[in-house]
Amino acid sequence: MPPTTDHSHSNTSLARRAWNIRRTALRMGAVQGQGYIGQALGVADVLAVSYFHALNHRPDDPEWEGRDRFFLSIGHYAIALYSAMIEAGILPDDELETYGMDDSRMPMSGMAAYTPGMEITGGSLGHGLGIAVGSALGLKRKGNPAFIYNLMSDGELGEGSTWEAVMSAVSHKLDNLICIVDFNDQQADGKTTHALATGHGTEAAKWAAFGWHAQEVDGNDLDAVVAAFDTARALPDPRPRVIICNTKMCKGVPFLEERDITHFIRVEADEWDKAIAVLDEDMPQ
């Protein structure tokens with residue numbers, strides 16, 4: 001069953017939460033004039049479901065021992081996670097203007113030592129799932145019923161360390177581990193499916209062959225993401241769970257969606273306001 005955490009302003013729709021996360025990410029992007037905005041816009045729906053439906057956490061006590069842990073394996077997605085944590089009340093909105101600056105609690109790549117609620121330091125890709133496996137095993141040995149959620153990128157499917165962690169999780173029967181793969185089919189040098197990941201319709205079967213409970217969903221369909229998270233959490237089988245979330249880079253801002261290169265977004269100064277204005281035209285209730 002989903003956790004019982006009483007999220008503040010719980011009457012706010014998940015669609016509005018996702019919209020707020022996107023808008024905050026754009027505001028942060030404008031501070032630096034560039035950034036991993038494409039990923040933030042694409043994964044906003046997944047983060048909204050994570051923080052406002054799935055996770056058992058206390059925004060005013062991010063180190064509460066009973067919390068579910070959310071690991072950001074993809075350190076450069078920090079702008080997306082900061083936006084979600086601002087929306088959740090873990091980080092204050094008035095620090096947004098410090099994003100990426102010296103002494104900020106919001107560096108451009110996620111670092112646990114700097115930011116409340118940032119569970120691990122992401123960065124060298126392919127390490128997050130291994131850390132998640134160790135943490136999930138530790139929670140089990142302590143008798144802590146909390147879950148570990150690990151958000152990783154499709155690019156990390158090409159890392160050998162990822163598959164070592166996949167096998168370890170099955171060996172240890174880690175039913176408290178839920179891995180979320182953001183499959184947006186973009187890497188720095190081109191499409192992920194032109195590298196080692198095989199693409200839509202095939203990744204879940206690969207994980208299942210290793211012994212995981214695997215689901216693949218449209219990561220920008222809130223109802224589908226909610227159903228997948230609920231299924232993963234309620235599964236009685238003693239094995240780890242993975243949700244492959246197929247997302248669209250720059251989701252919600254059509255003129256950015258249409259760009260050929262969206263891994264790292266650079267726009268003209270006036271385009272940040274234009275992007276926010278476009279998003280504002282479709283604000284959900």
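- With hydrogens and angles ignored, the 3.5 Å screen pairs no side-chain donor or acceptor of Tyr82 with any backbone N or O of Met108.
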For the pair Asp230 and Val226, evaluate side-chain contact (heavy atoms from CB on, under 4.5 Å) and give the outcome as yes or no after the intermediate values. CA-CA 6 Å; Asp230 287 351; Val226 166; 3.8 Å; yes
Apply side-chain contact (heavy atoms from CB on, under 4.5 Å) to the pair Leu157 and Met152, showing each step before the final yes or no. CA-CA 9 Å; Leu157 298 175; Met152 58 179 284; 3.9 Å; yes
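- Phe52 places none of its side-chain heavy atoms less than 4.5 Å from the side chain of Thr12.
- Closest approach of Ala169 and Trp212 over heavy atoms only: CB-CZ2, 3.5 Å.
- For the pair Ala136 and Asn176, the tightest heavy-atom approach, listed with the atom from each and the gap, is O-ND2, 2.9 Å.
- The distance from the SG atom of Cys250 to the CZ atom of Phe255 is 9.0 Å, given to the nearest 0.5 Å.
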Start with the C-alpha gap between His127 and Glu159, add the side-chain angles, then the distance that decides, and say whether side-chain contact (heavy atoms from CB on, under 4.5 Å) holds. CA-CA 9 Å; His127 291 173; Glu159 300 281 358; over 6 Å; no
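- Nearest heavy atoms, Leu139 versus Ile148: CD1-CD1, 3.7 Å.
- Using a distance-only test at 3.5 Å, with no hydrogens or angles considered, a donor-acceptor pair links the side chain of Arg67 to the main chain of Glu63.
- Between Tyr51 and Phe70, the ring planes lie tilted relative to each other; the angle falls in the 30° to 60° range.
- At most 12 heavy atoms of other shown residues, nucleotides or ligands fall within 6.0 angstrom of atom NZ in Lys173.
- Not a single donor-acceptor pair under 3.5 Å links the side chain of Ser171 to the backbone N or O of Met167.
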Stepwise salt bridge (charged side-chain N to carboxylate O under 4.0 Å, His left out) check, Glu65 with Lys142: CA-CA 11 Å; Glu65 182 63 17; Lys142 290 167 66 175; 2.8 Å; yes
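- Between the Asp182 side chain and the Val43 main chain, no donor and acceptor come within less than 3.5 Å of each other.
- Summarising the local packing, CG of Asp280 is surrounded by more than 12 heavy atoms from other residues, nucleotides or ligands at distances under 6.0 Å.
- Atom OH of Tyr114 has 12 or fewer heavy atoms from other residues, nucleotides or ligands within 6.0 Å.
- Under the 4.5 Å side-chain criterion, counting only non-hydrogen atoms from C-beta, Phe147 is not in contact with Leu55.
- Side chain of Ser153 to main chain of Ile74: no donor-acceptor pair is present (N/O by atom type, distance under 3.5 Å, no hydrogens or angles).
- For the residue pair Ala78 and Ser109, the shortest heavy atom distance occurs at CB-C, 4.0 Å.
- Using modelled atom types, one finds no donor on one side chain facing an acceptor on the other under 3.5 Å when comparing Thr247 with Asn220.
- A donor and an acceptor atom, one from each side chain of Asn184 and Gln39, are nowhere located under 3.5 Å apart.
- With Ser13 contributing its side chain and Arg16 its backbone, the two residues share a donor-acceptor pair below 3.5 Å.
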The test is salt bridge (charged side-chain N to carboxylate O under 4.0 Å, His left out); show your working for Asp237 and Arg239 and say whether it passes. CA-CA 6 Å; Asp237 299 355; Arg239 52 178 170 152; 3.1 Å; yes
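- No donor-acceptor pair closer than 3.5 Å links the side chain of Thr115 to the backbone N or O of Ala112.
- Pro107 and Ser104 get closest at one heavy-atom pair: CD-O, 4.0 Å.
- At a cut-off of 3.5 Å, with distance as the only test, no side-chain donor of Arg105 or Tyr99 sits close to an acceptor on the other residue.
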Check step by step if side-chain hydrogen bond (donor to acceptor under 3.5 Å, both in side chains) holds for Arg241 and Tyr149. CA-CA 10 Å; Arg241 306 94 200 272; Tyr149 290 80; over 6 Å; no
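- Two residues are said to be in side-chain contact when any heavy atoms from C-beta on lie closer than 4.5 Å; Arg17 and Asp45 fail this criterion.
- Neither side chain, His213 nor Asp175, offers a donor N or O lying under 3.5 Å from an acceptor on the other.
- Remark: the backbone N or O of Leu41 is paired with a side-chain donor or acceptor of Arg22 at under 3.5 angstrom.
- Inter-residue side-chain proximity for Met118 and Met111 is flagged as unmet; no heavy-atom pair is nearer than 4.5 Å.
- Ion pairing between a basic and an acidic side chain is recognised when a charged N comes within 4.0 Å of a carboxylate O; Glu271 and Lys274 show no such pairing.
- When all heavy atoms of Leu177 and Ala132 are compared, the closest pair comes out as CD1-CB, 3.8 Å.
- Distance alone, capped at 3.5 Å, is enough to place a donor-acceptor pair between the Trp19 side chain and the Leu279 backbone.
- Between Ser83 and Thr24, the side chains place no donor N or O within less than 3.5 Å of an acceptor N or O (distance only, hydrogens not considered).
- Between the side chains of Glu156 and Ser73, a donor-acceptor pair is found at a separation under 3.5 Å.
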Between Asp218 and Lys248, is the salt bridge (charged side-chain N to carboxylate O under 4.0 Å, His left out) condition met? List the steps. CA-CA 9 Å; Asp218 179 345; Lys248 185 174 185 60; over 6 Å; no
With side-chain contact (heavy atoms from CB on, under 4.5 Å) as the test, would you mind laying out the steps for Phe71 and Ser135 before giving the verdict? CA-CA 10 Å; Phe71 288 4; Ser135 297; 3.4 Å; yes
